[in-house]
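Notes for the one structure printed next.
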Amino acid sequence: MSKNFQEAVLNIVKQIPEGKVTTYGAIAREITGSVRAARAVGHAVAKNPYPIVIPCHRVVRSNGDVGMYSLGVDKKIKLLRVEGIEIKGRKVVNIEKTLFYFNF
DNA sequence: CCCATGACTAATT
DNA sequence: AAATTAGCCATGG
């Protein structure tokens with residue numbers, strides 16, 4: 001396990017494969033067991049240690065909205081599209097199909 | 001230790 | 001379907 005929250009978040013984000021996405025809440029659940037730390041997860045990746053290297057652009061909101069990004073929302077959307085994810089407006093199309101599920 | 005902040009969420013309007 | 005609201009939590013000052 002990780003010694004701090006941010007590291008835990010980044011370790012999980014690194015597991016997200018190309019073409020898939022996850023949500024802030026899901027990551028929070030992986031770490032704390034509850035969706036309540038979702039906001040803290042966002043705060044953690046916001047520090048953004050290594051943009052692109054760590055695919056934090058594959059983390060979106062629970063309602064499918066792409067959410068924020070340190071390099072700009074446009075950049076985030078662009079990256080996701082390049083990876084084969086369909087986005088309409090600011091939302092991921094058919095997010096249920098695109099979600100990556102961690103195995104316990 | 002208290003307070004403000006934010007890449008969020010769920011529920012309500 | 002879009003906007004508001006209240007709740008939550010890890011940081012930093």
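Residue numbering restarts at 1 for every chain, and letters A, B, ... go by the order of the sequence lines.
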Side-chain contact test, heavy atoms from C-beta onward, threshold under 4.5 Å: evaluate it for [X] versus [Y] and give yes or no.
{"X": "L99(A)", "Y": "T23(A)", "answer": "yes"}
{"X": "V35(A)", "Y": "Y24(A)", "answer": "no"}
{"X": "V93(A)", "Y": "I87(A)", "answer": "no"}
{"X": "K91(A)", "Y": "N63(A)", "answer": "yes"}
{"X": "Y69(A)", "Y": "D74(A)", "answer": "no"}
{"X": "V59(A)", "Y": "V45(A)", "answer": "no"}
{"X": "V21(A)", "Y": "F100(A)", "answer": "no"}
{"X": "V60(A)", "Y": "D65(A)", "answer": "no"}

What residues in residues 64-75 of chain A put a non-hydrogen atom under 4.0 Å from any atom of DNA chain C? none
Close residues, residues 33-42 of chain A, relative to DNA chain C [heavy-atom separation under 4.0 Å]: R36(A), A37(A), R39(A), A40(A)
DNA chain C nearest-nucleotide lookup for K47(A) and K91(A): closer to the 5′ end is K91(A)
Starting at [atom1] of [X], measure out to [atom2] of [Y] and round the result to the nearest 0.5 Å.
{"X": "N94(A)", "Y": "I85(A)", "atom1": "CG", "atom2": "CD1", "answer": "11.5 Å"}
{"X": "E96(A)", "Y": "T98(A)", "atom1": "CD", "atom2": "OG1", "answer": "8.0 Å"}
{"X": "Q15(A)", "Y": "I12(A)", "atom1": "CD", "atom2": "CD1", "answer": "6.5 Å"}

Taking L79(A) as the fixed residue, which of K76(A), K75(A), R81(A) is the one that meets the side-chain contact (heavy atoms from CB on, under 4.5 Å) rule? K75(A)
Among residues 15-29 of chain A, which ones have heavy-atom contacts with DNA chain B below 4.0 Å? T23(A), Y24(A), G25(A)
For a side chain to side chain contact (heavy atoms under 4.5 Å, CB included) check, start with the C-alpha distance between V9(A) and Q6(A), then their side-chain angles and the critical distance, and finish with the verdict. CA-CA 5 Å; V9(A) 172; Q6(A) 180 177 23; 5.6 Å; no
Reading DNA chain C 5' to 3', which nucleotide is the first, and which the last, to come under 4.0 Å of any heavy atom in chain A? dG7(C) to dG12(C)
So what does N48(A) hit on the nucleic acid, given a heavy-atom distance under 4.0 Å: a base, only sugar-phosphate, or nothing? base
Hey, could you give me each pair passing side chain to side chain donor-acceptor pair (under 3.5 Å) that has a residue in residues 42-58 of chain A? Not counting sequence neighbours. N48(A)-S70(A), H57(A)-E83(A), R58(A)-E83(A)
At the 4.0 Å heavy-atom cut-off to chain A, mark where contacts on DNA chain B begin and end, going 5' to 3'. dG6(B) to dA10(B)
Using the rule that Ile, Leu, Val, Met, Phe, Trp and Tyr join whenever any side-chain heavy atoms are under 4.5 Å apart, tell me whether V13(A) and V73(A) fall into a single cluster. no
